Amino acid sequence: AAPALSPLTTSTAVFAAANTLGFAISLATNSHHHLDLLGTGAFAVSALATRGVEARQQLSAVAVAIWGAKLAGFLFYRVCST
């Protein structure tokens, strides 16, 4: 089995993927409306990807993921409404 990546490496990969995807969508659509959704959503994905093994680590990760998803949804809704 391959060794597990460190949480920092995992989080870096998540944010790099989100930024790359956002850049590609921006180039393809000439729009920036999706950036808040992807940028804030990356916090939620990163929290879950690095959640740890202890109950308090997992609870904290879920709380951050819920916050990130809620904020990402609100920011995306707000930019689509204007």
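These numbers come from a predicted model, not from an experiment.
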Output every pair passing side-chain hydrogen bond (donor to acceptor under 3.5 Å, both in side chains) with a member in residues 19-35, not counting sequence neighbours, ordered by first then second residue. Ser26-His34, Ser31-His33

Co-members of the apolar cluster containing Leu38 [side chain, <4.5 Å]: Leu21, Ile25

Side-chain donor-acceptor pairs under 3.5 Å in residues 59-66, sequence neighbours left out?
none

Only counting residues at least two apart or in another chain, list the ones meeting side chain to side chain contact (heavy atoms under 4.5 Å, CB included) with Ala49. Thr10, Val14

Minimum heavy-atom separation for Ala69 to Ala44, with atom names? N-CB, 4.0 Å

In short, side-chain hydrogen bond (donor to acceptor under 3.5 Å, both in side chains) pairs touching residues 67-80 with sequence neighbours left out are none

List, by chain and then residue number, the residues other than Leu35 in its hydrophobic cluster (Ile/Leu/Val/Met/Phe/Trp/Tyr, side-chain heavy atoms under 4.5 Å); write none if there are no others. none

Suppose we screen for side chain to side chain donor-acceptor pair (under 3.5 Å). Which residues come up paired with Ser11, at least two apart in sequence or across chains? Ser46

Taking side chain to side chain contact (heavy atoms under 4.5 Å, CB included) as the test, write out the residues that go with Gln57, two or more places apart. Val53, Glu54

Can you run down the salt bridge (Lys or Arg N to Asp or Glu O under 4.0 Å) pairs that involve residues 15-32, sequence neighbours left out, and say none if there aren't any? none

Sequence neighbours excluded, which residues qualify as side chain to side chain contact (heavy atoms under 4.5 Å, CB included) partners of Leu8? Ser6, Thr12

Does any non-hydrogen side-chain atom of Leu75 lie less than 4.5 Å from one of Leu37? no

Straight-line distance of Phe74 CZ to Asp36 CG, nearest 0.5 Å: 10.0 Å

Going by the rule ring-ring contact (aromatic ring centres under 6.0 Å, His included), which residues pair with Phe43 if we only count those two or more places apart in sequence or in a different chain? Phe15

